[in-house]
Amino acid sequence: MAIEIIATGKAVPSKRVTNDDLAAKIDTNDEWIRSHTGIGARHIADEDTACSDLALEASKQALAMAGVTALSLDFIILASASPDYYGCPSSACVVQEKIGAKNAAAMDISAGCTGFVYGLETAAGLLSISKSRKRALVIGSEVISKIIDWNDRSICVLFGDGAGAVLVEKTGSPSEGPGKRGLLRTILGADGAGEKFLLTRRGGTRNPWKAGETVTIPPHLEMDGRAVYNFAVKSVTETINNLLAEESASTGATVTVDDLAWIVPHQANARIVQAAGKRLGIPEEKFFLNIEEYANTSAASIPIALDELNRGGKLHRGDLILTLGFGAGLTYGGNLIVW
Ligand code: UT7
């Protein structure tokens, strides 16, 4: 039995905002944004679009690619830091209704930008322990532009909106030995001591809005960029090393970076990837980067990247790939997958 990704989809709002567009409104410039992050543009949802709307579009694409209906879904797992509603209901339930997946259980995952990595492992676990359940949609979707302070140049230039979805299926392929397929292993981790480094401070039960309070800035993300940067480089480096070491130990054959067709990192900052690559001696071309076009789409960035690789013909059956997530929590993780 293997847990395989059998289809992918993505949705990105049509409104494209370049660095120059932002520079016309706030004190920033294209040169700073590109040199510090690798970002050239981001796509921003319109007023009426919420997390579940982009998630729905990406999910429809994945179902169409696989040629299966929503009725065949057993689980919908949606990772987001910018869900439709505060607390409940989950955006996954909204998608379940809109897509007509009435046989699917549905829930959200809150693990910041690592949410998709967590979601894939959660789906694999749920499918593995069930005799009858076979198919899951794992979605990363963000309309993070609605929780950004657009007057704060230190954060607003970094993020964009989008969604990616993968269809995950329990198949008869082997998950070990010759011809093995699917999700081989996952590393998940967290360091809650870093909660203050990336957070939406207001609106939750720790610090709720109070009756009569004048709202001067809507709930918005705050980040200690330098602290998160250092955490990201360390966790990315360790996750690559540990995933390869664990795979080597379990198979008895040395698995190295050379065996990977792609490393698909969370797209937060091209410099994080470059720093980790330099430490490990990994050539830059091994990392798939589309941050220049989409900026940081949080939990959506890895599934968007997977869909672009897949539809772009850059992934082939049997390719070994490695995903890398890091973000609010702080959380980190990675999946090792045979495509
Ligand atoms: O997805 C979740 C995970 N998030 C991340 O992984 C993000 C990790 N952190 C980072 O990517 C980087 O720390 C940033 C891109 C956020 C910031 O880069 P940095 O090299 O750490 O810059 P900095 O915050 O130290 O700022 C350097 C300078 C400051 O000016 P002074 O004080 O040196 O005069 C800032 O005021 O750059 C200034 N600055 C800007 N200038 C023009 C900050 N933002 C901007 C801006 N445009 N947008």
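Remember, it's 1-based here, ligands and their atoms both numbered in the order they're listed. The figures here come from the full heavy-atom set of this structure, side chains too, leaving out hydrogens, waters and symmetry mates.
- Side-chain N or O atoms of Thr239 include none that pairs as donor or acceptor with a backbone N or O of Val236 at under 3.5 Å.
- Of the charged side-chain nitrogens involved, none lies within less than 4.0 Å of a carboxylate oxygen, so that Arg135 and Asp74 do not count as a salt-bridged pair.
- The protein reaches atom 13 (O) of ligand 1 closely, with a heavy atom under 4.0 angstrom from it.
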Before giving the answer on side chain to side chain donor-acceptor pair (under 3.5 Å), spell out for Ser154 and Asp152 the whole-Å C-alpha distance, their side-chain angles and the decisive distance to 0.1 Å.
-> CA-CA 5 Å; Ser154 72; Asp152 180 355; 2.7 Å; yes
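- Around atom 11 (O) of ligand 1, the closest heavy atom drawn from Ile144, Leu198, Asn269, Val228 belongs to Asn269.
- Distances shorter than 4.0 angstrom occur between a heavy atom of Phe326 and an atom of ligand 1.
- For ligand 1, the atoms closer than 4.0 angstrom to any heavy atom of Gly225 are 8 (C), 9 (N), 10 (C), 13 (O).
- The cluster map of Ile, Leu, Val, Met, Phe, Trp and Tyr, joined by side-chain heavy atoms under 4.5 Å apart, puts Val94 and Val143 in different clusters.
- Within the listing of ligand 1, atoms 1 (O), 2 (C) sit less than 4.0 angstrom from a heavy atom of Asn296.
- Checking Arg226, His36, Arg153 against atom 25 (O) of ligand 1, the nearest heavy atom belongs to Arg226.
- A chain of hydrophobic side-chain contacts below 4.5 Å, direct or via other Ile, Leu, Val, Met, Phe, Trp or Tyr residues, connects Val233 to Leu244.
- Of all the heavy atoms of Ile155, none lies under 4.0 Å from any atom of ligand 1, so neither backbone nor side chain is involved.
- In this structure, Lys60 places its NZ atom where only 12 or fewer heavy-atom neighbours from other residues, nucleotides or ligands lie under 6.0 Å away.
- Classification of Glu247 and Lys180 as a salt-bridged pair holds, one side-chain N sitting under 4.0 Å from a carboxylate O.
- Every heavy atom of Ser298 sits 4.0 Å or more from the atoms of ligand 1.
- Counting atoms of ligand 1 from 1 in the listed order, those under 4.0 Å from a heavy atom of Ala268 are 1 (O), 5 (C), 6 (O).
- By the definition of a contact as any protein heavy atom under 4.0 Å away, atom 38 (C) of ligand 1 is in contact.
- Electrostatic pairing of Arg34 and Glu292 counts as a salt bridge here, judged by a charged N lying under 4.0 Å from a carboxylate O.
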Let me see the working for Thr37 and Asn269 under side chain to side chain donor-acceptor pair (under 3.5 Å), right down to the final yes or no.
-> CA-CA 5 Å; Thr37 68; Asn269 186 334; 5.4 Å; no
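- Here is the list of ligand 1 atoms found below 4.0 Å of a heavy atom in Val157: 48 (N).
- Residue Thr37 touches ligand 1 through its side chain alone, judged by heavy-atom distances below 4.0 Å.
- Looking only at distances, a side-chain donor or acceptor of Arg42 sits under 3.5 Å from a matching main-chain atom of Val17.
- Taking every heavy atom of His266 and a limit of under 4.0 angstrom, the matching atoms of ligand 1 come to 1 (O), 2 (C).
- Here is the list of ligand 1 atoms found below 4.0 Å of a heavy atom in Ile272: 6 (O).
- Close approach of ligand 1 to Arg271 is summarised as follows: ligand atoms under 4.0 Å from at least one heavy atom of the residue are 20 (O).
- Looking at Trp32 next to ligand 1, an N or O pair under 3.5 Å apart turns up.
- The protein heavy atom nearest to atom 47 (N) of ligand 1 is Thr28 OG1, 2.7 Å.
- The closest donor-acceptor contact from the side chain of Arg202 to the backbone of Asn207 lies under 3.5 Å.
- Interface of Ser154 with ligand 1, defined as ligand atoms under 4.0 Å from a residue heavy atom, comprises 44 (N).
- Looking only at protein heavy atoms, the nearest one to atom 16 (C) of ligand 1 is Leu158 CD1, 3.7 Å.
- Summary of contacts: the protein heavy atom closest to atom 2 (C) of ligand 1 is Cys113 SG, 3.3 Å.
- In this view, Ala81 and Glu142, Ile144, Ser298 satisfy the side chain to side chain contact (heavy atoms under 4.5 Å, CB included) rule, not counting sequence neighbours.
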